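Worth saying up front: this structure is predicted, and the values here are computed from it rather than measured. Heavy atoms only: backbone and side chains are in, while hydrogens, waters and symmetry mates are out. So you know, we letter chains A, B, ... as the sequences are listed, proteins then strands, and number each from 1.
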There are 2 protein chains.
Amino acid sequence: MKLSTKRVTIVDVASKSGVSKSTVSRVLRGDGDVSEDVRLKVTRAAKRMNYQPSVFARSLRSQRSQAIGLIIPDIANPFFPEVVRSIQNTADARGYTVLLANSDWHVERERKYLDFARRYHLDGIIINPVSISPAELKKSGCPVVVIGSRAAYGVFDTVASDTLGSITCAVDHLVARGHVDLALIAGPIGNPGATVRARAFRESIAAHGLAVDEARILWFDFTRVGGQAASRALAAAAPRPTAVVCGNDLIAIGLMAGLRDAGVDVPGDLSVIGIDDIDAAAMTFPPLTSVSKDKTLLGARAATLLIDRIEGKLPDAPARERLDTTLIERSSVAPPRANERRVIARP
Amino acid sequence: MKLSTKRVTIVDVASKSGVSKSTVSRVLRGDGDVSEDVRLKVTRAAKRMNYQPSVFARSLRSQRSQAIGLIIPDIANPFFPEVVRSIQNTADARGYTVLLANSDWHVERERKYLDFARRYHLDGIIINPVSISPAELKKSGCPVVVIGSRAAYGVFDTVASDTLGSITCAVDHLVARGHVDLALIAGPIGNPGATVRARAFRESIAAHGLAVDEARILWFDFTRVGGQAASRALAAAAPRPTAVVCGNDLIAIGLMAGLRDAGVDVPGDLSVIGIDDIDAAAMTFPPLTSVSKDKTLLGARAATLLIDRIEGKLPDAPARERLDTTLIERSSVAPPRANERRVIARP
DNA sequence: TGCTAGACTGGGAACGTTCCCAGGATCGTT
DNA sequence: AACGATCCTGGGAACGTTCCCAGTCTAGCA
């Protein structure tokens, strides 16, 4: 019975099994040549003594941490948990630890965590950038995988859920159902994600030969209260659009709640379509039609990409992955009422 | 322009500012005596050179990591993200890093992460235990804070959301509305959390002078599909209870969806009450009445407790915190129909 | 003038690994 | 019998901090 529970180190294992620490190290790392009986002796001793190598000593010497950083805007946003989980599982399977950080949508916090990455010798970073510049990201010095589709981050390996495609998909669906007067709730003004949504919306509308009216693009936060606020604008609009695509599901859900309070029927008076297909989308009433992103796949691909890059298994050119998107039809979309089927404007 | 971007170390800062590394260390840790001008020179140099101390060297030497582990069953469970976030913010503010791990409801993974904690010299652990034994937890060697209210973990500092109280609160509310035939969906059979729910349910029922019928306690998973499955059992029951309390909101939401499909009206035919008040509870139709736990507070308390314990600021006796619980009334509870107001059984 | 306390500072030994290099066996080849 | 080549092993120098201890310098005091 020991009084002070001293840490068991590699030299303890070494002396116990009658070899040098170098040899123990070799055995445990499964590296270099060791004779079979030595290998056995050492592994057995290590097991028996319940030896756990110190990651600090290891990382200090080898200058690698076997850890990656994951910087997302907000874990409480329902889009992320599943992505995080998938990244963790993937990284775990390949022997990497993941450190999670919330940037809370602030650049300063993104910067802070980038410094943090340096302090921790992080081997790589997965980030869903809010507004940190690619240049700053670049000088972190370690491999970076960006989640998102903004062109500015083209220097990095990228895995995107094809926001552009999602919007197009939503617009196509609505138009196919006979809608010609669509609105978009893009996101907060100035937000890059919101900007690409707006652009994609304009392009899709135009592609269908419809006129794009800037007043039909609304700027509200990517949150439930954003959607609620949007509902007031939409309920009051005259004429009112017959369908609205929302920048994400949270907006859509807030919007539907607001619309119900305002006495606007969904989908009778107004069709609503969301993006992300978060869990809650299936729980609303009416259940929300949404463009689904495969979050598990997204996470797995991001992690795989990063680790492959870290381990030098990738060609130099930045990888660019775009994940397919699928429409999940539920009940928040219907054809417009007959008297609202206006003629399609052909420019 | 340097070719190899070598790490800037404490000796670089030292030579640049013309003092020894010991002094730099002292300045940077804000520890010990240093003259004002030296302090200034050093901090300036460090800033200018963008020096980031290596956590590995630091931890290796000091045998402390300034990091804590957080082990939860599943980040994708909507109860946790907010808790995690709050823990992170609190820890961050006190200079600690948090490492997140999903146990995926498996003991083996809990064990694995406990080993991990040893390897990382983690200063402490916050865990919402699935089924790891208190003894195993104890021998992790570092301070542990348990989230949850199971008596078995009484040796540790504990912060609980008062599951017992939540159930009581739910039952009281239902009884106050005139219900006398209640059911409970407790959780998966054998799950400790489910067991305490069942116990709390029996006690509350008895406290109201009602008879407790074991057949009214249903065992289904803490998930939406668990609730869905329960809906089949409940829809078929004859006589059907007039109200059901669900072990968590996920169950309640799945239940309501199943009930709608089965043509059972909520709350007309059956009142439903959930526990946790997750975000999605406000998004369902009808919006779910739920017993709310303050997740942000829960996280903050857990983190504060752990860090205080680590820093020796707590008395020896294990702290036991119980967070209040508040009823959030929405629209999934109504009085039972007149013909179902049976007489209260007085034993 | 000498002596001591106190305020600062520097030097080196840890911390527990990995990495590099040298050296001892063993074996096959000429 | 001599010589590499191959296989295996051990010793010690890193890695970048913190911690301990021994100094130096100044000021205050007798």
Side-chain angles (χ1 to χ4, degrees), chain A residues 4-43 45-46 49-67 95 97 115 118-123 141, chain B residues 4-43 45-46 49-67 95 97 118-123:
Chain A
S4 95
T5 163
K6 191 88 176 56
R7 183 185 185 87
V8 19
T9 75
I10 201 171
V11 303
D12 298 330
V13 178
S15 67
K16 197 68 146 193
S17 45
V19 296
S20 75
K21 61 178 172 26
S22 309
T23 303
V24 175
S25 173
R26 264 188 295 262
V27 170
L28 265 22
R29 273 175 304 128
D31 178 53
D33 297 317
V34 271
S35 66
E36 200 46 38
D37 62 331
V38 167
R39 175 184 310 281
L40 228 68
K41 256 195 314 193
V42 170
T43 43
M49 305 173 74
N50 192 13
Y51 165 71
Q52 294 289 353
S54 156
V55 285
F56 295 126
R58 180 198 298 257
S59 300
L60 176 59
R61 173 63 236 220
S62 63
Q63 299 291 31
R64 313 205 32 239
S65 58
Q66 290 283 96
T97 303
D115 280 348
R118 294 246 315 287
R119 280 214 303 281
Y120 264 82
H121 302 259
L122 256 31
D123 290 342
Chain B
S4 94
T5 164
K6 192 90 176 54
R7 184 182 184 88
V8 19
T9 76
I10 201 171
V11 303
D12 297 332
V13 178
S15 68
K16 197 68 145 194
S17 45
V19 297
S20 76
K21 62 178 170 27
S22 310
T23 303
V24 174
S25 174
R26 265 188 295 265
V27 170
L28 264 23
R29 273 176 304 129
D31 178 55
D33 297 317
V34 270
S35 66
E36 199 46 39
D37 61 332
V38 166
R39 175 184 309 283
L40 227 69
K41 255 195 314 194
V42 170
T43 43
M49 304 173 75
N50 193 13
Y51 166 70
Q52 295 289 350
S54 155
V55 284
F56 295 125
R58 180 197 299 254
S59 302
L60 176 59
R61 173 62 235 224
S62 62
Q63 300 291 30
R64 312 202 35 238
S65 59
Q66 291 283 100
T97 303
R118 293 244 317 288
R119 279 216 306 282
Y120 264 82
H121 302 259
L122 255 31
D123 290 341

Think S59(A) has a side-chain N or O under 4.0 angstrom from the OP1 or OP2 of dC15(D)? no

Atom CZ of R58(B) and atom C1' of dC19(D) are separated, to the nearest Å, by 13 Å

Taking every heavy atom of S65(B) against every heavy atom of Y120(B), the minimum-distance pair comes out as CB-O, 3.6 Å

Taken to the nearest whole Å, CD/Q52(A) to P/dG16(C) is 14 Å

Look at the side chain of R7(A) and the backbone N and O of Q52(A), then say whether any donor-acceptor pair between them is shorter than 3.5 Å.
yes

Describe the nucleic acid contact of V55(B) in one word from base, sugar-phosphate, nothing, applying a heavy-atom distance below 4.0 Å. nothing

Atom CD of Q66(A) and atom C1' of dT17(C) are separated, to the nearest Å, by 14 Å

Counting only N and O atoms by type, is there a donor-acceptor contact under 3.5 Å from the side chain of S62(B) to the main-chain atoms of R58(B)?
yes

Check your understanding: For dT17(C), does either OP1 or OP2 sit under 4.0 Å from a side-chain N or O belonging to Y51(A)?
Key -> yes

Base dG10(C) to side chain T23(B), donor-acceptor N/O within 3.5 Å cut-off: no

- So does S20(A) get a side-chain nitrogen or oxygen closer than 4.0 Å to the phosphate oxygens (OP1/OP2) of dG10(D)? yes

When rounded to whole Å, the CG to C1' distance for the pair D37(A) and dC7(D) reads 13 Å

Does R26(A) reach a base, just sugar-phosphate, or nothing at all? Heavy atoms under 4.0 Å.
base

Taking for K21(B) and for A57(B) the nucleotide of DNA chain C with the nearest heavy atom, the one nearer the 5' end belongs to K21(B)

Could you tell me whether the side chain of R61(B) has a donor or acceptor atom within less than 3.5 Å of a complementary atom in the base of dT17(D)? no

What one should report as the nearest heavy-atom pair of V34(B) and R39(B) is CG2-NH2, 2.9 Å

Between CD1 of I10(A) and C1' of dA14(C) the distance, given in whole Å, is 17 Å

With a 4.0 Å cut-off on heavy atoms, is V11(A) in touch with a base, just the backbone sugar-phosphate, or nothing at all? nothing

Taking for H121(B) and for E36(B) the nucleotide of DNA chain C with the nearest heavy atom, the one nearer the 5' end belongs to E36(B)

On a heavy-atom basis, the closest approach of V13(B) and A45(B) is CG1-CB, 4.3 Å

**Message:** By the 4.0 Å heavy-atom rule, please label S22(A) as base, sugar-phosphate, or nothing.
**Reply:** base

Would you indicate, yes or no, if dT18(C) has its OP1 or OP2 atom less than 4.0 angstrom from a side-chain nitrogen or oxygen of S25(A)?
yes

Closest to the side chain of S62(B), out of dC19(D), dT18(C), dG16(D), is dC19(D)

note: F56(A), atom CZ; dA14(D), atom C1'; distance rounded to Å ~ 19 Å

It should be established whether S35(B) places a side-chain nitrogen or oxygen under 4.0 Å from OP1 or OP2 of nucleotide dT9(C).
yes

Side-chain N or O of Q63(A) closer than 4.0 Å to phosphate OP1/OP2 of dG16(D)
yes

The answer to which of V24(B) and D33(A) contacts DNA chain D further toward the 5' end, by nearest nucleotide, is D33(A)

All heavy atoms of A14(B) vs all of S20(B), minimum pair found to be CB-C, 3.7 Å

Atom NZ of K41(B) and atom P of dT9(C) are separated, to the nearest Å, by 8 Å

Contact class for V38(B) vs. all strands (heavy atom < 4.0 Å): base, sugar-phosphate, or nothing?
sugar-phosphate

Rounded to whole Å, the CZ-C1' distance (R7(A) to dT17(C)) equals 11 Å

